[in-house]
Amino acid sequence: MEEKNTNIDLKEKRKKLLMFVGQFIAIVIAYYMIVLFLSEELFSPYVNATAYLSSLLIRIFYDGITVSGNFIGSGTSYISLSFGCEGTEPLVIFLAAMVAFPLKFKDKLIPLLSGIGILYFLNLIRVLGLFIVNVNIPSIFVEVHEIYFPIVFIIFAFIQFFISLKWSLKKSQK
């Protein structure tokens with residue numbers, strides 16, 4: 001009799017895992033479908049806003065920073081934010097994982113919103129870091145931009161997911 005209950009529990013856990021993975025993948029695919037058909041119209045204001053907000057952080061460290069659309073520059077250096085380099089993918093990974101996780105939405109709403117805010121702020125810091133690298137060590141900019149910072153930012157998204165999930169689970173048990 002005990003073995004039958006264990007099999008039922010295992011089947012239920014597998015079902016929840018498959019639902020989580022399926023919903024996660026569906027949300028990520030939906031994001032890429034939106035990107036495929038609406039990227040310029042939808043993301044241009046977002047990219048420009050991110051450039052502007054990033055420039056506010058950069059101005060703490062550098063004088064004479066200007067912003068024009070998605071360009072952030074000084075007299076000697078500039079960077080251009082474009083879709084794919086503006087940080088939405090780690091945000092979408094976090095969002096998809098939080099939404100897909102099998103908890104009541106009310107128990108994950110605050111961690112979801114705060115997590116998105118934290119990750120967005122970390123993205124602004126990432127842009128600041130890219131600007132600093134471009135000004136001081138331009139020879140490694142491409143490597144930092146295309147390899148190291150994306151990996152680090154995705155790791156931050158997963159860390160934020162686990163922190164938010166822990167908070168959500170505590171809230172759901174109350």
Side-chain angles (χ1 to χ4, degrees), residues 8-39 41-61 70 72 79 81-133 144-174:
I8 292 170
D9 290 343
L10 188 57
K11 284 182 182 181
E12 187 62 32
K13 287 179 182 179
R14 283 184 186 149
K15 181 181 173 185
K16 284 183 179 182
L17 178 61
L18 287 174
M19 288 294 293
F20 170 76
V21 171
Q23 289 176 352
F24 177 85
I25 291 171
I27 293 168
V28 172
I29 288 172
Y31 164 74
Y32 282 109
M33 294 303 288
I34 291 169
V35 166
L36 184 63
F37 295 108
L38 301 174
S39 64
E41 299 84 15
L42 187 63
F43 289 104
S44 185
Y46 172 79
V47 171
N48 292 347
T50 301
Y52 174 75
L53 293 172
S54 297
S55 76
L56 297 178
L57 280 177
I58 295 168
R59 286 179 179 141
I60 295 170
F61 302 96
N70 62 333
I72 306 169
I79 60 172
L81 272 65
S82 61
F83 183 75
C85 299
E86 83 307 333
T88 54
E89 288 166 333
L91 286 168
V92 169
I93 289 170
F94 170 76
L95 174 85
M98 284 299 292
V99 169
F101 198 83
L103 281 175
K104 292 179 184 173
F105 192 74
K106 70 178 182 93
D107 291 333
K108 52 187 173 178
L109 181 61
I110 291 173
L112 174 68
L113 295 176
S114 62
I116 287 172
I118 289 166
L119 287 171
Y120 187 77
F121 181 71
L122 288 173
N123 185 52
L124 298 178
I125 292 172
R126 181 187 69 89
V127 174
L128 165 65
L130 287 170
F131 191 85
I132 290 170
V133 167
V144 169
H145 172 255
E146 293 178 1
I147 299 170
Y148 298 115
F149 276 13
I151 291 169
V152 168
F153 197 34
I154 289 171
I155 290 169
F156 279 141
F158 281 109
I159 290 169
Q160 186 61 48
F161 168 67
F162 290 117
I163 291 168
S164 298
L165 183 60
K166 184 177 178 182
W167 194 91
S168 295
L169 288 169
K170 275 185 185 177
K171 185 170 179 167
S172 73
Q173 293 172 354
K174 289 183 180 179

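These values consider heavy atoms only, across backbone and side chains, with no hydrogens, waters or symmetry-generated copies. The chain is numbered in sequence order, starting from 1.
Residues L81 and A51 share a closest heavy-atom pair of CD2-N, 3.8 Å. Taking every heavy atom of both residues into account, F153 and N123 meet most closely at CZ-CB, 3.5 Å. Between M98 and L165, the shortest heavy-atom distance links the atoms SD-N, 4.2 Å. Closest approach of P111 and S114 over heavy atoms only: O-OG, 3.3 Å. The two atoms that bring L112 and F94 nearest to each other are O-CE2, 3.5 Å, heavy atoms only. The nearest pair of heavy atoms linking F43 to V35 is CE1-CG2, 3.7 Å.
S168 contributes atom OG, which lies 13.0 Å from atom NZ of K104 (distance to the nearest 0.5 angstrom). Atom-to-atom distance recorded for E86:CD and N48:CG is 11.0 Å, nearest 0.5 angstrom. Distance check, rounded to the nearest 0.5 Å: CZ of R126 to CG of L57 gives 12.5 Å. A distance of 8.0 Å separates CD1 in I58 from CD1 in I132, rounded to the nearest 0.5 Å. To the nearest 0.5 Å, atom CD of residue Q160 and atom CG of residue L91 are 10.0 Å apart. Between F149 atom CZ and L122 atom CG the span is 11.5 Å, to the nearest 0.5 Å.
Contacts of Y46 classified as ring-ring contact (aromatic ring centres under 6.0 Å, His included), with partners at least two apart in sequence or in another chain: Y120. Here K166 pairs with K170 under the side-chain contact (heavy atoms from CB on, under 4.5 Å) rule; sequence neighbours left out.
In this structure, K171 contributes its side chain and I110 its backbone to no donor-acceptor pair below 3.5 Å. Remark: side-chain polar atoms of S54 are not paired, donor with acceptor, to backbone N or O of L128 under 3.5 angstrom. The backbone N or O of S82 sits nowhere less than 3.5 Å from a side-chain atom of N70 that would complete a donor-acceptor pair.
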Check residues 17-33 and write down every donor-acceptor pair under 3.5 Å in which the side-chain atom is one partner and the other belongs to a residue at least two apart or another chain.
residue, atom, partner, partner atom, Å
Y31, OH, T88, OG1, 2.5
Y32, OH, E89, OE2, 2.7

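For the pair I72 and V127, the minimum side-chain heavy-atom distance is below 4.5 Å. You'll find the side chain of Y52 reaches within 4.5 Å of the side chain of S55, heavy atoms only. Between F105 and L109, the closest side-chain pair of non-hydrogen atoms falls below 4.5 Å. A heavy-atom distance below 4.5 Å is not found between the side chains of L130 and V133. Taking the side chain as every heavy atom from C-beta outward, F131 and F61 never approach each other to under 4.5 Å.
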